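The structure under discussion appears below in the form of structure tokens.
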Amino acid sequence: MEKTVISIGNDHIVTDIKERITEHLKEEGYEVIDNGTYDKLRTHYPIYGKKTAEKVVSGEAKFGVVLCGTGVGISSSADKVPGARVALVRDVSEAVYARKVLNANVVAVGGHITGVDLIAAIVDKFITTEYEKTPEHDAWISKIDALEGPKPEQTGNDHFFDEFEKKWEEGYYHD
Amino acid sequence: MEKTVISIGNDHIVTDIKERITEHLKEEGYEVIDNGTYDKLRTHYPIYGKKTAEKVVSGEAKFGVVLCGTGVGISSSADKVPGARVALVRDVSEAVYARKVLNANVVAVGGHITGVDLIAAIVDKFITTEYEKTPEHDAWISKIDALEGPKPEQTGNDHFFDEFEKKWEEGYYHD
Amino acid sequence: MKVVIGADKDGAQAKDDLIKVLNSEGYEILDLSKEGQDFVDVAVAVAKETLKETDNGKDKSEEAARGIVIDKWGTDAFMAANKLKYVICANVSDEHSARMTRRHNGALMITLGTAVVGPELLISCAQAYLEAPFDAGRHMVRIDMVNKMA
Amino acid sequence: MKVVIGADKDGAQAKDDLIKVLNSEGYEILDLSKEGQDFVDVAVAVAKETLKETDNGKDKSEEAARGIVIDKWGTDAFMAANKLKYVICANVSDEHSARMTRRHNGALMITLGTAVVGPELLISCAQAYLEAPFDAGRHMVRIDMVNKMA
């Protein structure tokens with residue numbers, strides 16, 4: 001039997017939390033595509049939010065999981081991927097709702113807001129809850145889809161953020 | 001100026017989280033009494049809940065912080081220390097309420113339920129919020145105090161749980 | 001399973017809503033709420049009745065009675081209830097804690113605060129608590145320790 | 001500071017309560033709620049108005065307008081709002097996220113779900129968001145990246 005594939009991504013703040021969730025998912029029998037980041041070196045959440053969600057939309061993975069400190073930055077980036085429907089949550093019941101009603105395909109949690117056991121419980125329930133297809137639910141999803149703008153050059157483009165990484169390396173951005 | 005002293009305790013599940021909160025408190029200028037446990041070796045939360053709360057009631061520390069997976073086991077134990085008023089919380093607003101209205105002196109958080117940054121925010125606000133003394137608040141505290149039973153041999157007794165540790169080592173308790 | 005429930009005025013609406021759900025799921029409800037009770041009164045009433053129903057908390061079987069207190073803040077009723085001997089009470093605002101506190105702590109009762117827990121989350125926490133089994137085993141040593149504390 | 005607020009029917013009561021608090025604290029409130037709106041309508045209305053008030057989110061000063069949406073689940077309005085270019089929206093249910101998402105993400109707006117967030121927590125989250133400054137600095141590179149996404 002083929003394993004269900006989960007695409008996961010995070011920023012450098014919560015790499016340790018990502019590792020624990022990845023281990024948990026593998027123990028539960030899932031295959032995990034880890035989109036990074038892989039260490040604690042300062043980097044930028046949109047890179048990983050975009051990568052993780054694109055793997056879900058392309059069909060390489062069934063669901064996505066994204067984590068940063070509060071979950072906001074990486075989930076906002078992931079949600080801007082066409083076809084991604086991202087739920088940022090702190091409770092199991094929200095994750096269930098997002099699956100049942102909105103057919104959400106990426107779940108986001110704040111790795112420094114929510115503890116590892118509750119994150120695992122949220123992710124487990126998210127990836128095992130089925131979408132409840134109804135005309136009302138379908139209509140909401142279409143309404144959300146219709147908000148997406150045109151995305152030339154964005155999808156699958158690994159160099160989409162290069163200009164900003166260059167400016168970052170040149171010291172343009174600083175505290 | 002003397003530093004405010006915080007008494008902290010945890011079970012073996014969340015030692016890493018305790019270390020991060022202890023570091024944070026020291027950075028903020030607090031003195032920390034770490035009552036253990038100090039590693040990940042399986043042990044029992046009532047030992048550390050009792051120790052941590054007793055240091056607060058005796059006056060050695062101004063406030064206590066207790067952590068286990070969900071926070072429940074260690075906070076229930078801490079609350080059974082005479083004079084301890086323990087608040088188990090997942091949000092800053094609950095911690096503020098417990099200080100203002102109940103003069104809570106120990107705060108408990110689930111180290112696997114709540115993330116480190118939110119735990120730090122909760123603890124910071126707990127130890128900097130003043131009790132708002134009113135006749136109604138005083139009356140509630142007296143009413144809670146009056147629920148405490150007699151505690152012969154319990155207070156300050158480091159051997160109080162020895163009988164159970166002995167049975168544990170003998171293999172009496174097993175899954 | 002008998003569920004012993006109590007609420008003060010701030011928890012009354014949530015309590016009534018929860019009872020409707022639990023009734024429809026076949027739980028037997030004992031509602032101890034009375035006019036004029038504060039959070040201490042409610043916590044103590046629910047704790048004492050649940051202790052009585054469970055042989056001082058020793059009966060942790062799947063059918064054993066459990067207690068639920070709903071007030072504004074939860075953590076205040078939690079503080080009061082745990083003062084009583086044999087009471088292990090959890091203040092709960094997430095489903096995972098609700099489940100694990102029965103599994104690992106064999107919690108006799110939970111408290112839920114409407115100031116922080118929204119109505120849907122409150123119901124799903126109560127359900128998670130009531131549906132969870134007690135794992136016993138190694139967890140009993142900690143419970144024996146807590147129960148020795150007066 | 002102008003606060004652009006919207007609620008669907010499930011968020012209406014909490015929205016009215018929040019407006020009372022914010023009015024007493026001197027915020028200027030623009031309530032966009034209208035009969036018959038669903039969570040997508042509310043999210044889009046608040047997002048577009050807040051974008052307009054802030055030069056597409058570029059004005060992140062302490063006085064810059066901010067948006068707040070209250071509905072049943074929060075995470076649905078979050079999903080809709082973030083689809084719009086230049087919108088960085090946070091679904092919030094704790095005070096620390098509420099504060100940090102303004103400081104680090106410069107969040108244009110937040111969503112709050114009454115199903116999971118109790119009324120006191122909801123108000124304290126909204127206050128934490130509105131009171132937080134934007135840290136700019138290194139955080140701008142991430143915001144520039146998000147804003148390039150359509």
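Atom set for the values below is all heavy atoms of this structure, side chains included, hydrogens, waters and symmetry mates excluded. Fair warning: this is a prediction, and the values are worked out from it, not measured in the lab. In the text below, chain A, chain B and the rest are named by the order of the sequence lines, each starting its count at 1.
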key: chain B neighbours within residues 113-125 of chain D, where any heavy atom lies under 4.5 Å away   = D:Leu121, D:Ser124
inquiry  = Please find the pair of heavy atoms, one from B:Asp124 and one from B:Thr128, that lie closest to each other, and give the distance.
reply    = O-OG1, 2.7 Å
ask   = Under 3.5 Å, side chain of B:Tyr173 to main-chain N/O of B:Glu169, donor-acceptor pair present?
value = no
query = How about B:Tyr48 and B:Thr43: does a side-chain donor come under 3.5 Å of a side-chain acceptor?
reply = yes
query = Is the backbone of D:Met109 close enough, under 3.5 Å, to the side chain of D:Tyr129 for a donor and an acceptor to pair up by distance?
reply = yes
Closest heavy-atom pair and its distance - B:Gln154, B:Glu54 = O-OE2, 3.6 Å
key: Whether B:Lys151 side chain and B:Lys80 backbone form a donor-acceptor pair below 3.5 Å   = yes
query = Can any side-chain N or O of B:Lys18 pair as donor or acceptor with the backbone N or O of B:Gly111 at less than 3.5 Å?
reply = no
message = Could you check whether any side-chain N or O of D:Asp8 sits under 3.5 Å from a backbone N or O of D:Gly11, counting only pairs where one atom can act as donor and the other as acceptor?
response = yes
ask   = Checking B:His137 side chain against B:Glu132 main chain: does a donor-acceptor pair fall under 3.5 Å?
value = yes
message = Counting only non-hydrogen atoms closer than 4.5 Å, can you tell me which residues of residues 84-99 of chain B sit against chain D?
response = B:Asp91, B:Val92, B:Ser93
request  = For B:Ser58 and B:Glu60, test the side chains for any donor-to-acceptor distance below 3.5 angstrom and give the result as yes or no.
outcome  = yes
request  = Could you please state which residues from residues 70-108 of chain D sit under 4.5 angstrom from chain B, measuring non-hydrogen atom to non-hydrogen atom, sorted by number, or 'none'?
outcome  = D:Ser93, D:Asp94, D:Glu95, D:His96
ask   = Backbone N or O of B:Thr52 within a donor-acceptor pair of the B:Ser7 side chain at under 3.5 Å?
value = yes
message = Just to verify, which of D:Leu18, D:Ile19, D:Ile29 counts as forming a side chain to side chain contact (heavy atoms under 4.5 Å, CB included) with D:Ile68?
response = D:Leu18
inquiry  = Other residues, nucleotides and ligands only: do more than 12 of their heavy atoms fall within 6.0 Å of OH on B:Tyr172?
reply    = no
ask   = Quick check: does any side chain N or O of D:Glu28 sit under 3.5 Å from a backbone N or O of D:Val3, one acting as donor and the other as acceptor?
value = no
ask   = Is it true that a side-chain atom of B:Thr15 and a backbone atom of B:Asp39 form a donor plus acceptor pair closer than 3.5 Å?
value = yes
message = If the contact rule is any heavy atom under 4.5 Å from chain B, which residues of residues 34-66 of chain D qualify, in numerical order?
response = none
ask   = Looking just at side-chain N and O atoms, do B:Tyr131 and B:Asp138 make a donor-acceptor pair shorter than 3.5 Å?
value = yes
